[in-house]
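Notes for the one structure printed next.
Fair warning: this is a prediction, and the values are worked out from it, not measured in the lab.
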Amino acid sequence: MLSTIIWLPVLGAALIGFWPQTWSPQRSRLVAWAIAGLTFLVTVFLALKFDFQASGLQFQEHISWIAPLGLDYRLGVDGLSLPLVVMNGLLIWIAIQSTPEQVSRPRLFYSLIFLLSAAVAGAFLAQNLLLFFLFYEIELIPIYLLIVIWGGDRRGYAATKFLIYQALSGIVLLVGFLAWAWASGSSTFTVEVEALASTLPMGLQLILLSILILGFGIKMPLVPFHTWLPDAYVEASTPVSILLGGIVSKLGTYGLIRFGLSLFPDAWNVVAPWLANAAVVTALYGALVAIAQTDMKKMIAYSSVSHLSYVLLASAAATELSLLGAVCQMVAHGLILALLFYLVGVIEAKTGSRELTQLQGLLNPKRGLPLISGALILGTMASAGIPGMVGFVGEFLSFQGSYSRFSAQTLLCLASTGLTSVYFVILINRALFGRLEGKLSYLPKVTWEEKIPAIALVALIVLLGVQPNALVRWSQNTTSSLVAMVAEHSPQQVALTPPSAQSD
């Protein structure tokens, strides 16, 4: 079943890419929509069959590939990766639904979207370090092409900058994985052999973990490695922005928990305070810069930098509540950012601008964009952590779980949520209220086809906010087992163990 999630989009890319050019753009879009919908249904079926009581990997697949290199085709899913795999399927469908029918070079566009879908799903499912690295690197190619061909005016600069940063991230990770294998004496890169890491000297563990933090920190991104993000998000087209902010950025936070925390629980306890401090700097910096923006898309991009750092804080604390909150925050961030980027794309398509200095009165019930404006208000409220929406669930669990270990850092990150309210109030006040004047007096109507992605995302954001158990139960046992592993390797735990127990 796991291979189906990876290879069905690849087959879809081949089908659309090699089909005769006589296909109309509408037919290409319809076929892409159907394949994306089928892939999403497979992920939903996977979630329905998932055993919530188990904490380990499920639906495992293993095929020996290049044994001398330690490269195996080994897949598996647990409570950490399952929500992200399902969200990847959903956002790919949303991205295709939000693509204009008359997009240029439609066959190439949809083929690249499907290759991106396969690579991201493969990275979340891979249980071999080299296989993860392959998928991690493969996803760069379709994203680069999607930005450089269908992007905005500065697409060449943004795509090249994105490629350089992400390639550097991949190289750093490869160095870290190889060094870990050589140092531990392992002949395989299978993730299951994490116990070998605890046998390494602490100094070496710290070096290897620092390498992984650097690699995944570029992907997240952490300040000061974030400069590729605003350019890439702003210059990408709306469907690509949805995928970049909604799911691709989660590869960094997921990788940090999956490989950083799991492989080096001893060293994780040592570097955790530094990670918490880095989360504070990133949260405050992203929020303060967002306040200064007048481009709605760039404001949302910087808010993404700020909100993803909550995942880092919760991961650093590594308590049962905080790690569960980290997973929920990744899902919440993905859904909310996808909604906000989609709505900004619709506003830009209808008004010709996303500048706050030029927009006003969009909430006008007769001549404006009332439904899109209403969804925008809801999306910003969810991003600010208002109760009743999924953003509140992720932030509450993350902060509640982190406070016991990093009180000062948690309070500072809480302050950044207050700044979130500031810049989103500015956005709503300037763009949605006031009088429609001049060329913006008669805006084109939003069709039902354009409303569907917004309605679907809003429904999920509210549903998971009102009933968070639907999200929490996926991950609770897996995150609890990760926390137990970190606690077992904590210096305090070792010190509190009675000598008699140690001798036993």
Side-chain angles (χ1 to χ4, degrees), residues 95 98-100 103-106 108-113 115-116 119-120 136-173 214-252 282 285-308 337-338 340-342 344-345 347-349 351-359 423:
S98 63
T99 302
V103 64
S104 62
R105 306 169 73 176
L108 178 59
F109 182 85
Y110 294 123
S111 297
L112 292 173
I113 290 283
L115 290 179
L116 173 61
V120 172
Y136 190 87
E137 287 295 271
I138 288 173
E139 53 91 14
L140 301 184
I141 301 170
I143 294 182
Y144 170 78
L145 293 174
L146 286 166
I147 296 175
V148 82
I149 297 175
W150 290 275
D153 294 338
R154 298 174 66 245
R155 56 185 179 273
Y157 169 78
T160 303
K161 192 173 182 180
F162 168 83
L163 187 64
I164 292 173
Y165 270 78
Q166 302 306 314
L168 178 62
S169 167
I171 292 171
V172 170
L173 289 180
L214 174 62
F216 289 121
I218 295 173
K219 192 74 168 185
M220 285 180 58
L222 285 175
V223 173
F225 311 115
H226 68 287
T227 58
W228 63 269
L229 184 144
D231 293 315
Y233 282 21
V234 170
E235 296 303 323
S237 60
T238 296
V240 180
S241 295
I242 290 173
L243 296 178
L244 266 174
I247 194 67
V248 174
S249 61
K250 308 304 175 296
L251 285 173
T282 303
Y285 175 85
L288 290 171
V289 176
I291 293 175
Q293 304 305 312
T294 58
D295 183 328
M296 296 170 70
K297 209 170 182 182
K298 188 170 283 190
M299 179 183 287
I300 295 169
Y302 277 107
S303 80
S304 171
V305 174
S306 178
H307 288 181
L308 264 183
L337 213 67
L340 293 177
F341 276 137
Y342 177 73
V344 171
I347 291 173
E348 186 178 12
T351 65
S353 175
R354 55 174 190 257
E355 275 289 330
L356 294 177
T357 55
Q358 300 178 19
L359 296 172
Y423 56 75

Judged by atom type as modelled, is there a donor-acceptor pair below 3.5 Å linking the side chain of [X] to the main-chain atoms of [Y]?
X: Ser303; Y: Ile300; result: yes
X: Thr160; Y: Tyr157; result: no
X: Ser169; Y: Gly215; result: yes
X: Thr99; Y: Ala95; result: yes
X: Thr294; Y: Leu356; result: no

Are the side chains of [X] and [Y] in touch, meaning some heavy atoms are under 4.5 Å apart?
X: Asp231; Y: Thr227; result: no
X: Arg154; Y: Val234; result: no
X: Leu308; Y: Lys250; result: yes
X: Leu288; Y: Tyr302; result: no
X: Leu116; Y: Val248; result: yes
X: Tyr233; Y: Val305; result: no
X: Leu168; Y: Trp228; result: no
X: Tyr285; Y: His226; result: yes

Nearest 0.5 Å, what's the [atom1]-[atom2] distance between [X] and [Y]?
X: Ile247; Y: Ile242; atom1: CD1; atom2: CD1; value: 12.5 Å
X: Leu229; Y: Ile218; atom1: CG; atom2: CD1; value: 13.0 Å
X: Leu337; Y: Leu243; atom1: CG; atom2: CG; value: 11.5 Å
X: Phe216; Y: Leu214; atom1: CZ; atom2: CG; value: 11.0 Å
X: Ile347; Y: Leu359; atom1: CD1; atom2: CG; value: 7.0 Å

For a quick test of reading the model, state the closest non-hydrogen atom pair linking [X] to [Y] and the distance between them.
X: Ala287; Y: Ser306; value: N-CB, 3.7 Å
X: Ser353; Y: Gln358; value: OG-OE1, 3.3 Å
X: Tyr342; Y: Ser98; value: CE1-CB, 3.2 Å
X: Thr238; Y: Phe341; value: CG2-O, 3.7 Å
X: Ala236; Y: Lys297; value: O-NZ, 2.7 Å
X: Thr282; Y: Val223; value: OG1-N, 3.4 Å

Test Ile143 against Gln166 for side-chain contact (heavy atoms from CB on, under 4.5 Å), laying out the working first.
-> CA-CA 11 Å; Ile143 294 182; Gln166 302 306 314; over 6 Å; no
Ile149 and Phe109: CA distance, side-chain angles, deciding distance, side-chain contact (heavy atoms from CB on, under 4.5 Å) verdict | CA-CA 9 Å; Ile149 297 175; Phe109 182 85; over 6 Å; no
Working for side-chain contact (heavy atoms from CB on, under 4.5 Å), residues Ile147 and Leu244 = CA-CA 10 Å; Ile147 296 175; Leu244 266 174; 4.1 Å; yes
Are Lys219 and Glu139 close enough for a salt bridge, meaning some N to O gap below 4.0 Å?
-> yes
Let me see the working for Tyr423 and Gln293 under side-chain contact (heavy atoms from CB on, under 4.5 Å), right down to the final yes or no.
-> CA-CA 9 Å; Tyr423 56 75; Gln293 304 305 312; over 6 Å; no
